[in-house]
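See structure below.
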Amino acid sequence: MKRSAVAVVAGVLAVLAAVVVLWPRGVEARPHLAESGGLRFELTPTSTRSGSNEFDLRITDRSGNAADGDVTVEPAMPQMGHALAPITAAPQAPGRYRVMGVDLFMAGQWEITVSLRSERVVIPLLLT
């Protein structure tokens with residue numbers, strides 16, 4: 001009886017340890033940087049989980065001065081053949097933009113193309 005109780009406790013502990021180790025975690029929403037010929041783009045998602053998302057964008061020239069103009073964002077998941085229609089970013093302050101209501105409906109590697117004037121960058125974004 002004693003051995004079976006120890007075996008049950010050990011089994012439960014093993015299952016709990018496996019759940020803790022294997023439980024899916026979101027990747028920290030951190031700034032993603034990219035540079036083009038004359039601009040520096042910093043994209044920060046509000047979440048790294050699939051579903052509805054928002055992005056904050058900071059765009060500067062190489063000297064750190066705010067870059068202004070019409071900014072578009074084009075999310076795509078080329079491995080799966082998915083692409084969303086271009087979204088116009090809303091200006092918040094000089095060089096700062098917000099993109100809302102981006103439906104990144106599937107976990108995996110997305111590519112976020114950001115364009116300002118003739119400058120374009122592709123920023124990889126991994127979603128869980």
Side-chain angles (χ1 to χ4, degrees):
M1 176 92 162
K2 206 178 229 186
R3 281 188 182 178
S4 63
V6 170
V8 168
V9 170
V12 169
L13 289 175
V15 169
L16 287 174
V19 167
V20 168
V21 170
L22 299 174
W23 192 265
R25 292 173 181 76
V27 178
E28 182 182 337
R30 59 176 177 74
H32 298 268
L33 305 175
E35 292 184 346
S36 65
L39 297 176
R40 183 171 193 260
F41 297 79
E42 181 180 300
L43 179 136
T44 306
T46 56
S47 170
T48 56
R49 294 201 177 268
S50 59
S52 184
N53 209 320
E54 297 179 4
F55 304 137
D56 287 318
L57 284 165
R58 182 171 182 245
I59 306 173
T60 59
D61 63 19
R62 294 295 180 118
S63 300
N65 301 311
D68 292 319
D70 293 331
V71 175
T72 58
V73 173
E74 300 173 57
M77 189 180 222
Q79 303 88 335
M80 301 302 287
H82 300 308
L84 302 179
I87 303 166
T88 302
Q92 302 293 300
R96 294 193 179 266
Y97 301 85
R98 184 132 177 115
V99 183
M100 298 186 292
V102 183
D103 185 20
L104 303 177
F105 51 85
M106 180 181 277
Q109 186 67 49
W110 285 82
E111 294 181 356
I112 312 300
T113 301
V114 183
S115 304
L116 172 61
R117 299 187 288 266
S118 62
E119 306 275 346
R120 276 175 82 98
V121 295
V122 176
I123 301 172
L125 179 62
L126 179 62
L127 297 182
T128 58

Exercise for the section: Please check if the side chain of Ser47 supplies one atom and the backbone of Arg49 the other of a donor-acceptor pair under 3.5 Å. Expected result: yes

Going only through I, L, V, M, F, W and Y residues with side-chain contacts under 4.5 Å, is there a path from Met106 to Ile123?
yes

So CG of Asp70 and OH of Tyr97: to nearest 0.5 Å the spacing works out to 8.0 Å

- Query: According to the interplanar angle, ranging from 0 to 90°, do the rings of Trp110 and His82 count as parallel (below 30°), tilted (30 to 60°) or perpendicular (above 60°)?
  - Reply: parallel

_Let's go through Val114 and Phe55 carefully: what are the C-alpha distance in whole Å and the side-chain angles of both, what is the deciding distance for side chain to side chain contact (heavy atoms under 4.5 Å, CB included) to 0.1 Å, and is it a yes or a no?_
CA-CA 11 Å; Val114 183; Phe55 304 137; over 6 Å; no

**Message:** Applying side chain to side chain contact (heavy atoms under 4.5 Å, CB included) to Val102 and Val73, what does each step give before you reach the verdict?
**Reply:** CA-CA 10 Å; Val102 183; Val73 173; 5.8 Å; no

Interatomic distance, CZ@Arg96 vs CG@Asp68, rounded to 0.5 Å, equals 12.0 Å

Interatomic distance, CG@Leu43 vs CZ@Arg58, rounded to 0.5 Å, equals 13.5 Å

Here the pair of heavy atoms bringing Arg120 nearest to Thr113 is NH2-CG2, 3.3 Å

Nearest heavy-atom contact between Ala67 and Arg117 is CB-NH2, 4.2 Å

Heavy atoms of Ser36 and Phe41 approach each other most closely as OG-CE1, 3.7 Å

Common cluster, Leu127/Met100, ILVMFWY with side-chain heavy-atom separation under 4.5 Å
no

What one should report as the nearest heavy-atom pair of Leu104 and Pro75 is CD2-CB, 3.8 Å

- Task: Take Thr48 and Leu126, measure what side chain to side chain contact (heavy atoms under 4.5 Å, CB included) needs, and give me the verdict at the end.
- Result: CA-CA 7 Å; Thr48 56; Leu126 179 62; over 6 Å; no

Here the gap from Phe105 atom CZ to Met80 atom CE, rounded to the nearest 0.5 Å, amounts to 9.0 Å

Nearest heavy-atom approach of Glu42 to Arg40 is OE1-NH1, 4.0 Å

Rounded to the nearest 0.5 Å, the CD1 atom of Ile112 sits from the CE atom of Met77 at a distance of 10.0 Å

Between the CG atom in Asn65 and the CD1 atom in Ile59, the distance rounded to the nearest 0.5 Å is 14.0 Å

Here the side chain to side chain donor-acceptor pair (under 3.5 Å) pairs for residues 98-109, sequence neighbours left out, are Glu54-Arg98, Asp56-Arg98

Note: Pro45 and His32 closest approach over all heavy atoms is CD-CD2, 3.8 Å

